[in-house]
Each structure stands twice: as C-alpha cells, then as structure tokens.
Amino acid sequence: QVRLVESGGGLVQPGGSLRLSCTASGLVFNTFSMAWFRQAPGKEREFVAAASWYAYNTYYAGSVKGRFTISRDNAKNSVYLQMNSLKANDTAVYHCAVDKSPLRPLVPTDPLRYDFWGQGTQVTVSS
C-alpha cells in the first residue's frame, strides 16, 4: 500500500516562503517520477512541479517558475517543494503525487497520470 505524507503548509504573508515535504512509503521510490499539484476552492487540480526519477530533471508550471523549486532525496523517499515570493493566488491545498507508471521516460503533467495517496497540506497566503 502506497502512502504519502505531506507537511509544511501554513499561513504566510505575501512575499514569504514555505517548504513543503512529502515522504513516501510502499513503493520503490527512485523508479517513480514525483509531482506537486494544488487545488484551490472551486477550481480544478493544477500541476505545479515535477521531478523525474532519472537525472533529477524538473518541470514547472509557468505560474510558479522562478519562485518554486522541487527537489527529491531518494535516500529519504522524500520530495520537497520550496516556495518563495508567495502570492495570494498560491493559496490552495497542495498534494504530492506518484506517477502511475515507473521508469516512464517522459514526466507527465496531467493529474490523470498520477496517483494521489496523501491528504494534502493547506497553504494560505494572506496579510
């Protein structure tokens, strides 16, 4: 049984920073690409960032590029999302996700290509 545990969310002022963490169990972590998605109230789930299982390639949504950094530590079965220069419209529940297919050569950004096993962590950006 795959399990993802997200943490690190909270309330932060505009321009502030947060670091989200996601620890996985029940899978061979270094064979799966990992991603972060977010969902704001009344909106669809949105791709944020992904890190490939190979060579640590990373991908970002245009809205967060240059502000957010995804990283992974395969030794700790963990993926992280460093979020800087946060804006009010970054407010959402953030979920980490596991690619449904191991060893996929291309990293997907479609949420349908991922499994979401965690509860998510709330990020609120407000003054």
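For Tyr59, there are no ring-ring contact (aromatic ring centres under 6.0 Å, His included) partners, not counting sequence neighbours. Scored by the ring-ring contact (aromatic ring centres under 6.0 Å, His included) test, Tyr114 finds Phe37 as partners (sequence neighbours excluded). Qualifying side-chain hydrogen bond (donor to acceptor under 3.5 Å, both in side chains) partners for Gln39, counting only residues two or more places apart in sequence or in other chains: none.
One finds the OG atom of Ser85 at 7.0 Å from the CZ atom of Arg67 (value rounded to the nearest 0.5 Å). How far CZ of Arg19 is from OG of Ser7: 9.5 Å, rounded to the nearest 0.5 Å. Summarising the geometry, atom OG belonging to Ser71 is positioned 8.5 Å from atom CD belonging to Gln82; distances are rounded to the nearest 0.5 Å. How far NZ of Lys100 is from CG of Asp110: 9.0 Å, rounded to the nearest 0.5 Å.
Closest of all the heavy-atom pairs between Ser63 and Glu46 is OG-OE2, 3.9 Å. Among all heavy-atom pairs drawn from Pro108 and Ala50, the shortest one is O-CB, 4.5 Å. Considering all non-hydrogen atoms of both residues, Cys96 and Phe116 come closest at O-CD2, 4.0 Å.
Looking at Lys43, its side chain never comes within 3.5 Å of a backbone N or O of Arg38 through a donor-acceptor pair. A donor-acceptor pair under 3.5 Å links the side-chain atoms of Arg72 to the main chain of Ser52, judged by distance alone.
Heavy-atom contacts from other residues, nucleotides or ligands closer than 6.0 Å to CZ of Arg113 number 12 or fewer. Remark: Lys76 NZ is loosely packed, at most 12 non-hydrogen atoms of other residues, nucleotides or ligands lying under 6.0 Å away.
When the side chains of ILVMFWY residues are joined at heavy-atom separations under 4.5 Å, either directly or via intervening members, Leu103 and Val107 end up in a single hydrophobic cluster.
Cluster partners of Tyr80 are absent, since no Ile, Leu, Val, Met, Phe, Trp or Tyr has side-chain heavy atoms less than 4.5 Å from it. Counting Ile, Leu, Val, Met, Phe, Trp and Tyr side chains that sit under 4.5 Å apart, directly or through other members, Phe29 shares a hydrophobic cluster with Val2, Leu4, Val12, Leu18, Leu20, Leu27, Phe32, Met34, Trp36, Val48, Tyr60, Val64, Phe68, Ile70, Val79, Leu81, Met83, Leu86, Tyr94, Val98, Trp117, Val123, Val125.
The stretch residues 118-127 participates, sequence neighbours left out, in these side-chain hydrogen bond (donor to acceptor under 3.5 Å, both in side chains) pairs: Gln122-Thr124.
Looking at Ser17 and Asn84, their side chains do bring a donor and an acceptor atom within 3.5 Å of each other.
At a threshold of 4.5 Å between non-hydrogen side-chain atoms, the residues Glu44 and Pro111 do not count as touching.
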